[in-house]
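Here's the structure, in C-alpha cells; my notes come after.
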Amino acid sequence: MIGGLMQSLGTHWDNLLGRGEAAVTVPPLDGALCPNRMLDEAVERFELADVDCLAEVSGTLMASAGDSVYALKGGKWSKRVAYEHTVACIAPIGLDALAVALLSGEIVIDGGAFDGRRYAASPDMACITAMAASGSSLFITNGSATNAADNWQLDLLQRNASGSIWRLDLETGTVTRIASGLAYPAGIVMDGDDLVYAEAWKHRLVRISQSGAGTPEVLYAELPGYPGRITAAADGYWLAAFAPRSQLVEFVLREPAYRRRMIAEVPQDFWIAPKLRSGRSFYEAMQGGGVKQLGLLKPWAPTMSAGLCVKLDSDFQPQLSLHSRADGATHGVTGVVEHQGCVFAAARGDGVVVSIALADLGEAS
Amino acid sequence: MTAILELRHGTKEYRGVPAVKDVSFTLKRGEVHALLGENGAGKSTLTKMLAGVVAPTSGEIWLDGEKTELATPLEALKRGIAMVYQETSLVPSLTVAQNLYLADAKHFHRLRGIYIAGQQFLQSLNFHVDPTALVSSLGAGQKQMVEIARAVHHNAQVIIFDEPTATLTPEEKHQFFSLVERLRTRGVSIIFISHALEEALQISDRITVMRDGQHVVTDDTSAFDREKIVQAMVGRSLSDELYGAGKDRKVRRARQKVLSVQNLSMGKAVRNTSFSVFAGQITGVFGLIGSGRTEAAKVVAGVLKRDTFHGGQVRLNGKPVRYRVPRPAVRDGIIYVTEDRKVEGFFETMSIAENIYLAAVAGGQTKSPFISMKEMRTIANEWTGMLNVKAINSDARVIELSGGNQQKVVVAKALVQKPKLVIFDEPTRGVDVGAIAEIHQLINRLADEGIAVMVISSYLPEILHLSDRILVCRQGRVVEEFAGHKADERTIMYAAVH
C-alpha cells in the first residue's frame, strides 16, 4: 500500500515538473535518422491519389488506393481490381498471390493457391492495418478495437491500447488472436519463425512468437515518428513511419481535458495531432513554429506531417533513412517496398509513389 | 585616416608557448575594426596587450604616433584605451552608478550625486538601467550595458569590445549598434571582437582575421563576405601534418544508441537541445564558446542540473536517468573528462597512483573493500604503462608532470572506471603535439572497442580527424549533423556561426 502511495505521489510529482513519463520530449532525428531530402529528390514520381499500401506480386508492383488495387506498368498505374469497399491494406502471399483486406473486415485473396477466396475476419477486427503471410498463415494487425483505420488520429488522442494481432488460417478460415492490448499495431513482418510488429503509439518495434507465447522483445524503441508498415528487403527491412512525433502533440497527449474538448468542439482536420499531410489550411494549429521566410516554409519548421522511411538491418536497427521535411512534397509515407533494384515509397499525404535506386542509397548512409 | 593605436611585431608567450606570434595591427582614428578568428586564434590576447592587461613578450605599442608601454589597465584607461570584457568586470555588490564611477575616487562616496549623474549619463546613451540597482540583480544584457557605459564614461578614445553582443537581446543589440555609430561620429576608435560574422560585416569599417595566433588578413569590410571570412578563419596548413590523415580513414558504423538527450534545457546555456550518442562511434561536438556544448555534457554526467520544470529527458540505454551529482552517473558508466583539468581533473599534490586509485575506488572497480596500497600500485602501473605516462615513477606528483602527461592521468582516471560512455571535453587543450597523437589513438581505440565516445572540441581539425559523426552547436542547441567523412571545415564553421 505504501509502495502504491509513493508511486502515485511520484507520478503526480513528475506530472507537476514534466519529468519521467510526463516529460514532453521527442527523440532526435540523428545518427541513421539524420534528415535529408531523398524522398523529395527522387526523380521517379508516380502520382496516385490516396495511395496507401504497396506490395510486389509476380514481379509487379501493386498499390492500393481507395477501393482499388493498381499495378505499375511502363511507369503508369493501371487499375487491376476494384472492390466494393475501401482497401485497408494489401500484402503478398508467396510470390504470386495478393491478400487484400477491406475496411468491411473481409480479406480477399487474388491469385495463388487460394485465389478468389474470401474470409470474413473476426467482428473484433474492424481496423486492419497490415498483414504478413507465412505458408498458409496470414498474420493480421488490428490497430484498434474501437476505431476504424481511417480514424487513427482519434485512436491516438484517446490514448487507446486496444490493438491486436490475429492469425488467419487460409486453409480452414479459422481466426486466432495471438496478442492483444497493443497500442495501435500498424505494421507486421515475418522474422524467421517469429513476428515483428510496429506498435505505433508506443513508437517501437516488438518481436513475438507466432503463437504469441513468451515475453515480447522490444527491438527498437524511442522512434521519433509513428512506425507503420514493415516489409522485408534484400538485406534487412524497410519501415514506413507515417507521421512524425512533435513536442506539441506529446504535450497534448498529456492533457486529457484539453483533448476531450478538442475532439468534441474542433473539426478533425484542425486537431493538434499528427497528420499524413499538414499545412494546407491556415486554420491548422501553428505550433508557434510555422517558420516561414519570404513565404517559404523552412525545412526545419515544426510540422505535423513529414515523410520518413527507415532502412533496418537484420537486427531491426536503423541503417539509413529517407526523408521529406516540413517543406517537402512526399509526406505521410504509409508503405515502402523494394522492387527491381529500387525502393518504392507510397506517400499517402501527397498521393504519390516515389522510387529511388538502391545503388543511390549509399549516399544516405 | 591616421593610426591612433598600433602594435608592431607583437608576440605574447605563456610559459614559452606563443599565444600571439609576431602580429602587427593598426587601428585608425574613428574606425570600427572587427577582429575575427576561431576560439584560441589569439584575438583576446592581442587586445589584452593593447589594453595593458598583459605585457607583450616582444614588440612595440604605439599610441598617437608615440611609442608607449601600458603596464596596467588603469594606465591604459588614463591614456584613453578602455576594454569591455565578455565576462563583465563589474563589482556585483555595488550599484550601477558606483560601478560607473568606481575609478573616480573624488565622486565615488557622494552617492546622491553619482545617482543623478549616472541617471543622466545612462539616459544619454539610451540604456534603460536603474543607477541605484545592485549589479548582482541585473541580467547579463544589462551588465553588458553598464560595462559599455563605463567605457564611454571614461571618454576613451579607443574602446575594445570583446563579444559585446553575445548576451544582448535583439533590441539591446540595435541600441548597441546605434551607440557604436554615435561613438564613431565622435571620432572614437573601436575594436570589435565577435563570432557573429553578420554583425562584423554590418558594423565595421575594416576586418582583421587571426588564426593560430598569427595575423592572416586585414582589409576593408567591403572586400569581405561571409564565405571569405570563414575561409580565412579556418584555412590552415600548420596542423595538416597532424590532422591531415583524418579524411582517408574508415567511418565506423553506429551500434546501439547509448545516450539519447531529448529536449534538454538548462537556463540560457542549453536550450531544448536533442542528440544521441552511439556505441562504437566517436561523436564529435563542435561549437563556439557559449554554444552550450560543455553545459549539455555536464548535465548528462550529473555535474550540472537541468531545469527543474520541463528540463527535458536524458536516456541511458533507453532508460530515463536524472543525476543530481556525478557519482551515480559514474556508477552507470558515464564519464566526463573535464576541459579544465587543473581545477576539476585531478588532485595536483597527490601522486599519479593515488589519483588513479581514487578514481577506481569512486567507480567501484577495486577488488578489495579496503584501501590497499598493493592494489593501488598495480592499478597505477597498469594504466601508466598503457597510456605511456612519462614520469619517474607512479609516486610522482601530478603537478610535476607536463600538460600532456597530466591529461593522460585524467584520461586514466576516467578509463579505470570501465565506462560505457566517455565524454572528452577539449581532450588536447594545452597538450604537446606528441601527446595529442597518443590521446587521439586512445580515443580511437575506445571507439573500436565498442565504447560510446563523445569528443567536444573547439579545434576543427581535431573534430574532423576524430569524428565519425559531427554535431554542431549554436546558441545552446545542436543545429546540424554531418557525417565525419563528408564534412569540411567551411561547412562546419558556417553551421556554427550562421
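Naming: A, B, ... by sequence-line order, numbering from 1 per chain.
Only the backbone of B:Val261 comes within less than 4.5 Å of a heavy atom of chain A; no side-chain atom from C-beta onward does. Residue B:Arg315 touches chain A through its side chain alone, counting heavy-atom pairs closer than 4.5 Å. Only the side chain of B:Phe278 has a heavy atom closer than 4.5 Å to any heavy atom of chain A. Residue contact with chain A, scored on non-hydrogen atoms closer than 4.5 Å, involves the backbone and the side chain of B:Ser276 alike.
Options A:Cys34, A:Gly31, A:Ala221, A:Pro35 differ in how many heavy-atom pairs under 4.5 Å they form with chain B, and the most are formed by A:Gly31.
No donor-acceptor distance shorter than 3.5 angstrom exists from the side chain of A:Asp313 to the backbone of A:Gln319, with no hydrogens or angles considered.
Salt bridge status for A:Asp315 with B:Arg255: absent, with no side-chain N to carboxylate O gap under 4.0 Å.
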Side-chain polar contacts of residues 224-231 of chain A - donor-acceptor pairs under 3.5 angstrom, sequence neighbours left out - could you list them?
unit_1   : atom_1 : unit_2   : atom_2 : d
A:Arg229 : NE     : A:Thr129 : O      : 2.9
A:Arg229 : NH1    : A:Asp52  : O      : 3.4
A:Arg229 : NH1    : A:Asp52  : OD1    : 3.0
A:Arg229 : NH1    : A:Thr334 : O      : 3.1
A:Arg229 : NH2    : A:Asp52  : OD2    : 3.4
A:Arg229 : NH2    : A:Ala88  : O      : 3.1
A:Arg229 : NH2    : A:Thr129 : O      : 3.0
A:Thr231 : OG1    : A:Val336 : O      : 2.6

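Note: A:Trp201 and A:Tyr184 have parallel aromatic rings, judged against thresholds of 30 and 60 degrees for the angle between ring planes.
When all heavy atoms of A:Leu223 and A:Arg245 are compared, the closest pair comes out as O-NH1, 2.8 Å.
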